[in-house]
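What follows is a single structure, written as structure tokens, with notes after it.
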Protein chains: 2
Amino acid sequence: MNVYEYLLSYDIKPSVQRIAIMDYLLKHHTHPCIDEIYIALHDDIPTLSKTTVYNTLKLFVEHGAAKMLTIDERNACFDGDTSAHAHFQCKCCGRIFDMPMHINENEMNEMTEKGFSVEEVHSYYKGVCPECRKNNSDKN
Amino acid sequence: MNVYEYLLSYDIKPSVQRIAIMDYLLKHHTHPCIDEIYIALHDDIPTLSKTTVYNTLKLFVEHGAAKMLTIDERNACFDGDTSAHAHFQCKCCGRIFDMPMHINENEMNEMTEKGFSVEEVHSYYKGVCPECRKNNSDKN
DNA sequence: AAATAAAATTGTAATAATTACAGAATTGAA
DNA sequence: TTCAATTCTGTAATTATTACAATTTTATTT
């Protein structure tokens with residue numbers, strides 16, 4: 001399935017900009033922020049406006065085609081992988097990595113029994129990634 | 001232990017402002033944002049500056065006396081309870097509730113084996129709280 | 001194919017959260 | 001009491017995000 005059809009499957013009308021942004025999200029698993037996407041696509045679409053990037057990602061999130069991550073304190077990041085998974089942000093280089101997520105049914109049941117309706121599960125870790133650990137130890 | 005000694009135990013020099021802010025954090029489990037704290041303490045300390053609230057909470061987080069939550073997209077929230085626990089934010093009223101957290105040792109081991117050094121574990125849920133669910137069903 | 005209506009995009013201006021910074025106030029030590 | 005260091009304050013600057021009106025593009029109707 002191409003990106004055009006992929007957008008349609010989420011009830012999103014495809015446009016040049018929307019296709020380019022979704023394509024970027026699907027091909028780059030860097031969990032990009034607005035600026036990263038804007039800068040990356042600006043070469044191909046010189047008329048692209050940052051407002052469009054904002055609007056488009058908001059649309060994607062509303063339609064379930066992308067997820068917004070609030071892990072980074074500075075600015076929101078976006079993920080085209082909508083499957084259930086956790087994240088790891090390196091405090092040193094700032095990169096966000098995908099991690100497996102095992103949902104704990106006991107916790108879920110506890111919340112449901114208390115009357116909470118759980119719609120989203122977010123799980124992330126912070127620490128130092130293997131690369132930065134290596135670089136840091138090299139300096140000593 | 002009073003708040004004065006509590007701050008000292010985290011290597012934080014107590015001051016009128018710092019004591020008031022930490023006292024607020026320890027007594028109110030509402031996961032307040034900067035504004036909530038500023039407005040609440042303004043009556044007692046009319047000279048309090050919002051910059052001081054920012055600086056103080058940054059200091060608390062650096063010393064491990066508070067945790068910053070990036071659950072709410074609008075602005076950062078703070079938690080004086082530094083023990084390991086999860087959170088639940090209601091999409092309807094915006095309130096953040098404490099939830100138990102059971103750390104999954106398997107996930108931890110997976111990351112450690114891959115070379116990641118895990119320093120923080122964050123887990124939160126979004127959905128509708130019991131109160132809002134009740135109010136919503138009443139409207140029908 | 002031309003005219004029209006609807007939707008999407010753009011750029012600028014406004015808003016809001018956060019940070020930088022310099023001066024004032026407070027604290028602690030000599 | 002004096003001096004130095006620290007903390008606090010208020011304003012200005014910065015940055016991310018949103019509002020909005022004008023323009024462009026797309027889809028529909030005639």
Checking contacts here: which listed nucleotide ([options]) is nearest the side-chain heavy atoms of [X]?
| X | options | result |
| --- | --- | --- |
| A:Ser15 | D:dT17, C:dA8, C:dT18 | C:dA8 |
| B:Tyr54 | D:dA16, C:dT9, C:dA17 | C:dA17 |
| B:Asn55 | D:dT9, C:dT19, D:dC8 | D:dT9 |
| B:Gln17 | C:dA8, D:dT9, C:dT18 | D:dT9 |
| A:Lys13 | C:dA7, C:dT9, C:dT18 | C:dA7 |

Ignoring backbone atoms, establish whether [X] has a side-chain N or O less than 4.0 Å from OP1 or OP2 of [N].
| X | N | value |
| --- | --- | --- |
| B:Thr52 | D:dT9 | yes |
| A:Arg18 | C:dT9 | yes |
| A:Ser49 | C:dT9 | no |

Task: Side-chain-base donor-acceptor pair under 3.5 Å for B:Thr51 and C:dT18 - done: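 Side chain to base: no pair below 3.5 Å.
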Open item on the list: For a 4.5 angstrom cut-off between non-hydrogen side-chain atoms, does A:Asp35 reach A:Asn75?
Closed with: no
Task: Atom of B:Tyr24, atom of B:Glu36 and distance for their closest heavy-atom approach - done: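 Reported closest heavy-atom pair: OH-OE2, 2.8 Å.
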Open item on the list: Under 3.5 Å, is there a donor on one side chain and an acceptor on the other for B:Tyr125 and A:Glu107?
Closed with: yes
